[in-house]
Amino acid sequence: MKIAVTVCFVPDTASVIDIVDGALDRSRLNLVMNPFDEYALEEAVRVRERHGEGSVTVFSAAPASSKELLRKVLARGADGAVLVPVEDTIDPWQTAMLLSQAVSVFYGDVLPDLVFSGKKSTDFQSEHVPVMLAELLGIASVSGVIALKETAEGFDAEREIENGIECSSVKLPVLFSVEKGLNTPRNASIRAVMDARKKPIEIFPAGLVGKPRVRLTGLEAVVRKKQCRFAGDEKELLGVLANELHLS
Amino acid sequence: MSGILVFLEQRDGMVRQASIDLWNRLQEQAAAGAEPQPLSGIIAGPASTVGIETMLSGSGTIYHVSSDLLCLYQPESYTQTLAELFERSGCSSLVFADTALSRDLAPRLSVRLGASLLSGCSGPSAIGAGTCMRPVYAASVVASFAAEAERRIYTISSQGPAALPRKEGAIVIVPVDDLSCEPSRPSAFASRIAMTSTKPDVSEANIIVAGGRGLGSADAFAMLDELAGLLGGAVGASRAVVDEGWRPHSEQIGQTGKTVAPRLYLACGISGTVQHLAGTGGAVMLVAINSDRHAPIFDVADFGIVGDVHTIIPGLIKEVREFLKKK
Ligand SMILES: Cc1cc2nc3c(=O)[nH]c(=O)nc-3n(C[C@H](O)[C@H](O)[C@H](O)COP(=O)(O)OP(=O)(O)OC[C@H]3O[C@@H](n4cnc5c(N)ncnc54)[C@H](O)[C@@H]3O)c2cc1C
Ligand SMILES: Nc1ncnc2c1ncn2[C@@H]1O[C@H](COP(=O)(O)O)[C@@H](O)[C@H]1O
């Protein structure tokens, strides 16, 4: 079982997101593995463990300085990683192009049996890269899976939709983008951290991917602070609600 | 280069409210604009179009592909069908309401059509301009994006119902039956939808009553269910509550949950961390109930009441009941 996992790095949630002159101030950012990718990697490792054989390889398009971050990812059970060094100005389509090239080069003529991605990145939350990658690789995909069951043919998958759960079946090779709650990711043991130092991180120089299709043109901090008015009791609170909700 | 093609999503043979609202908002905008782009629509799958012109404002042609293969969301069949109809229509923009279905379908189509994808746009005004604004970085920042390709795909966040349909013009339904909807590439096959609730989904609700760890137990959510029921809204939850197993993940709001845009967000026993507020930025009015006068939620609330949820919420339910009885 050959399994690819895509991983990106995002500011941890405690980071101060500061916009200076329309650009992000990176000086105080602490980057971590995208939380959704933790579920993706955990699922990949579980599948490999269940099969008792196979390999889990992490693919990331990230600045060349991201090797240490990748070591932490490897400590969560991946066998190796492929880093495509990029600047952070690429758009999701270019990212998907680079990842598909890296996957094709790494596995040669055969596709991996499974690709796991996070449902979304917590920085830009675009939810574009996984499906675009599946489309470029020419494989089936299911986004935002909350349950997976291996079958003789492939997998039965469930994903959340408005007011319900969509159940589908899919054959390999397939890409799943993974929702929070699919599993509970393990913590890396000290041993695993030590082992991760010996695992390979290959650098694949970025190929040509054409011009971006979407350009970021501005960032502006949101002022969320409001002047809260306090109600004295439930009656007063209802007054406010009734008024706003046009109940009256 | 003009023309906007709107995807009218159906479920169980009914066009979904989110799509109807989007269509009407686009018509509203077209009516206000100097050079309105003509609107047309697509319905994929068997659906009842009886009376649809009473729900959709303005004029336009709606292409209806009623193949049974499109009953449920089949990624490849949908992609092929929409790509083909987009080519035929000669439109330059394809627009979706932001839903679970479009979040999967739009990126596929953008690759297939070589189109720029602008998703989660805060409003339909983006469409003429080829630009889009949406929250990023846990909604602490708003980013602007510009489309670089000539073809554009947009998904537009919910903004609630639009004004009532205007009656001028005509909506014409054109059946399309010369398309093969058989998937010609590998695809997942959706076999059924298991409904989990008949209440509005948090991602689409106009009123959300959300509970946090301050409720103290799973049982205490019964009163939120009751209040949400009375107000015609949905129950939401903080991550703390979901991780405790008190509520399902489908109700989680925030950075690793859903982003919501209700008219009223009532936060009960929720402290108001950045990760939670990442999902609530679209709320028109935020009301907080918290026993701690200094809880950060009050910094972002329009209205608040300091007190114990176990007395305030039953009190509020009583008031709402009396109010509704008097009406
Ligand atoms: C990567 C990451 C992603 C995350 N994503 C999300 C997310 O998507 N959504 C999310 O919500 N969180 C998320 N979190 C978690 C977040 O940091 C907080 O832990 C969580 O939001 C806290 O939930 P809470 O407000 O219910 O609980 P608490 O922070 O414990 O707050 C409970 C509040 O209830 C009040 N209270 C207590 N008793 C009463 C009472 N009897 N009556 C009235 N008020 C009372 C208290 O004063 C307090 O303000 C994420 C965290 C991380 C690290
Ligand atoms: N630069 C990247 N390198 C590797 N994987 C990525 C990258 N960007 C996004 N992904 C993957 O795509 C998922 C969704 O990201 P996004 O489409 O940006 O919301 C992430 O959880 C990752 O698994």
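Under the 4.5 Å side-chain criterion, counting only non-hydrogen atoms from C-beta, B/Ser119 is in contact with A/His128. Counting heavy atoms from C-beta outward, A/Asp91 and B/Phe145 have side chains that stay 4.5 Å or more apart. Here the side chains of B/Leu316 and A/Leu241 are in contact, with some heavy-atom distance below 4.5 Å. No side-chain heavy atom of A/Glu220 sits less than 4.5 Å from a side-chain heavy atom of B/Met133. Counting only heavy atoms from C-beta outward, the side chains of B/Ile312 and A/Glu234 approach each other to under 4.5 Å.
Across all their heavy atoms, A/Val240 and B/Met285 have their closest contact at CG1-CE, 4.1 Å. Closest non-hydrogen pair, A/Leu219 versus B/Val136, comes out as CD2-CG2, 4.2 Å.
Only the side chain of B/Val287 comes within contact range of chain A, judged by heavy atoms closer than 4.5 Å. For a residue to count as touching a neighbouring chain, one of its non-hydrogen atoms must lie under 4.5 Å from one of that chain's; by this rule A/Glu160 touches chain B with backbone and side chain alike. Looking at A/Asp233, only its backbone comes within 4.5 Å of chain B, counting heavy atoms on both sides.
Put simply, the residue from A/Arg213, A/Lys211, A/Arg215 that forms a side chain to side chain donor-acceptor pair (under 3.5 Å) with B/Glu148 is A/Arg215.
Most heavy-atom pairs under 4.5 Å with chain B, from the set A/Pro130, A/Ala157, A/Ser143, A/Cys167: that is A/Cys167. Of the listed residues (B/Glu76, B/Lys318, B/Arg134, B/Lys326), the one with the most heavy-atom contacts under 4.5 Å to chain A is B/Arg134. Your options are A/Arg224, A/Glu166, A/Met132, and the one with the most heavy-atom pairs under 4.5 Å with chain B is A/Arg224. Between chain B and the residues A/Pro11, A/Ser15, A/Ser141, A/Ala134, the largest count of heavy-atom pairs under 4.5 Å involves A/Ser141.
The CD atom of A/Glu135 lies 5.0 Å from the CZ atom of B/Arg185; values are rounded to the nearest 0.5 Å. Atoms CD1 and OG1, from A/Ile161 and B/Thr196 in turn, are 8.5 Å apart once rounded to the nearest 0.5 Å.
When only modelled atom types and interatomic distance are considered, B/Gln275 and A/Thr13 share a side-chain donor-acceptor pair under 3.5 Å.
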Exercise for the section: Please report the C-alpha distance between A/Thr217 and B/Thr131 in whole Å, then the side-chain angles of each, then the deciding distance to 0.1 Å, and finally whether the side chain to side chain contact (heavy atoms under 4.5 Å, CB included) criterion is met. Expected result: CA-CA 9 Å; A/Thr217 53; B/Thr131 60; 6.0 Å; no
